[in-house]
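One structure is given here, and the rest of the page talks about it.
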Amino acid sequence: MPSDRLNAHLRTQLDDLRAKGLYKAERRIESPQRAGIVVNGREAVNFCANNYLGLANHPDVVAAAAEGLKAWGYGLSSVRFICGTQDIHKRAEQQVARFFRKADSILYISCFDANGGLFEPLLTEEDAILSDELNHASIIDGVRLCKAKRFRYRHNDLADLRAKLEEAKDCRFRMVFTDSVFSMDGDLAKLPDICDLADRYDALVGIDDCHATGHLGATGRGAAEELGVLDRIDVITGTLGKTLGGASGGFTAASAEVVDWLRNRSRPYLFSNSVPPALVVAGMKALELVDAAGELRTRLKANTARLRAGLEGAGFVVKPGPTPILPVMLGDAAVATRMADELLRRGVYVIGFSYPVVPQGQARIRIQVSAAHTDGQLDQAITAFTEVGRLLGVLK
Ligand SMILES: *Cc1c(COP(=O)(O)O)cnc(C)c1O
């Protein structure tokens, strides 16, 4: 049987993953998502969710989802253009557009789909996409689906980007596209410099703002606002699955023409279902909360500073950066895994990341801080990290 051969082949490959310590096992959370979760029957402080403002399961968001469900139903059984567009979808798109000060926006089931359906409709063989080498998998896949010439520039390397723009200067359109926050290192794309270069080479600039929307920038408009270039960015993709309530749904905000063209040609939009009403209504509520979340953003900054200072004070090497992502650098993959296990035993839930997710020899534990963490939870983490750091010989 052909399936026997394939299954045998996969068993070998899976064994190989296990032998290399690369096999991904899922940990089961026995509670809703929040700052304190239940894992293996025990309370643990959660430092792995993209729940930066604590809006996942915020009572107002949950209530909005329930209202949406009641008022607009569970599902639409249709893609948008056949019979899957309700009043709320249009209102949500207007709200997202206004939020980013763009002319229009288009909703997708996920940001993975927003990125997957962005490039192919807009750019052809005559054009060029310039993409940061550390961009998210969904951008890489989206670029692969597109016939434009591809230029991968070294991470945040303006000289390399400039060389690639030079190479692409005879193309019809050039688009530079980058994650605005890189999730493994917590660093920002150098957007002001990228915009300057793009101006010089007559290129468009697009960002994926998934790890920034809602919590970065004075009013939560994300990394471009934080860096003062929101109005210079042509295309913004993002998700409702992180800061904005944490369920799912993605979007692309851009000019009226770009969005209109995507509605006509973007394949994940044309051939995949409409976002369920409950998520649309809850997403609008999350955006509204973000607008008024100045205090939460201040709290998130204070929490991040407190945890960083505590860990650095204990002797850990924490990569510098302006985001609530704190990469605690350990180097060795086995140490990172062991450390995460020991921390969980002490009620602190973090994950170790190693090759191939991060470069060889740069294994780390990535902490994601939330505005919902209490001082007590942060201090518990500092104590546990210090204890385990000594136990494993990471700290003297
Ligand atoms: C999370 C993430 C995505 C995927 O978002 P979904 O809405 O979950 O599909 C895309 N890009 C980046 C940079 C992300 O961090």
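Order of listing sets the numbers, starting from 1, for every ligand and every atom in it.
- The distance criterion of under 3.5 Å between nitrogen or oxygen atoms is met by Thr239 with respect to ligand 1.
- Among all non-hydrogen protein atoms, the one lying nearest atom 9 (O) of ligand 1 is Phe112 N, 2.9 Å.
- Set against the non-hydrogen atoms of His211, the atoms of ligand 1 under 4.0 Å away are 15 (O).
- Residue nearest to atom 12 (C) of ligand 1, selected from Asp208, Asp113, Ile207: Asp208 (by heavy-atom distance).
- Here salt bridge (charged side-chain N to carboxylate O under 4.0 Å, His left out) pairs that include residues 263-286, with residues two or more places apart or in two chains, are Glu93-Arg263, Asp104-Arg263, Lys285-Glu288.
- Protein heavy atom closest to atom 6 (P) of ligand 1, with residue, atom name and distance, is Cys111 N, 3.5 Å.
- Not a single heavy atom of Ser183 sits under 4.0 Å from any atom of ligand 1.
- Around the NZ atom of Lys190, the shell of radius 6.0 Å holds more than 12 heavy atoms that belong to other residues, nucleotides or ligands.
- Not counting sequence neighbours, the partners of Ala256 by the side-chain contact (heavy atoms from CB on, under 4.5 Å) test are Ala103.
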Before giving the answer on ring-ring contact (aromatic ring centres under 6.0 Å, His included), spell out for His211 and Phe182 the whole-Å C-alpha distance, their side-chain angles and the decisive distance to 0.1 Å.
CA-CA 8 Å; His211 276 281; Phe182 294 87; over 10 Å; no
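- Those atoms of ligand 1 that come under 4.0 Å of a heavy atom in Lys242, given as number and element, are 1 (C), 2 (C), 3 (C), 14 (C), 15 (O).
- Polar contact check, Gly241 against ligand 1: no nitrogen or oxygen pair lies under 3.5 Å apart.
- When all heavy atoms of Asp209 and Gly222 are compared, the closest pair comes out as OD2-CA, 3.3 Å.
- Taking a cut-off of under 4.0 Å to the non-hydrogen atoms of Ser138, the atoms of ligand 1 that pass are 10 (C), 11 (N).
- Of the options Arg366, Arg364, Arg27, a side chain to side chain contact (heavy atoms under 4.5 Å, CB included) to Ile351 is made by Arg27 and by none of the others.
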May I have the step-by-step check of side-chain hydrogen bond (donor to acceptor under 3.5 Å, both in side chains) for Asp132 and Asn156, ending in yes or no?
CA-CA 7 Å; Asp132 188 290; Asn156 250 338; 5.4 Å; no
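- For a threshold of 3.5 Å applied to N or O pairs, the pair formed by Cys210 and ligand 1 contains no separation below that value.
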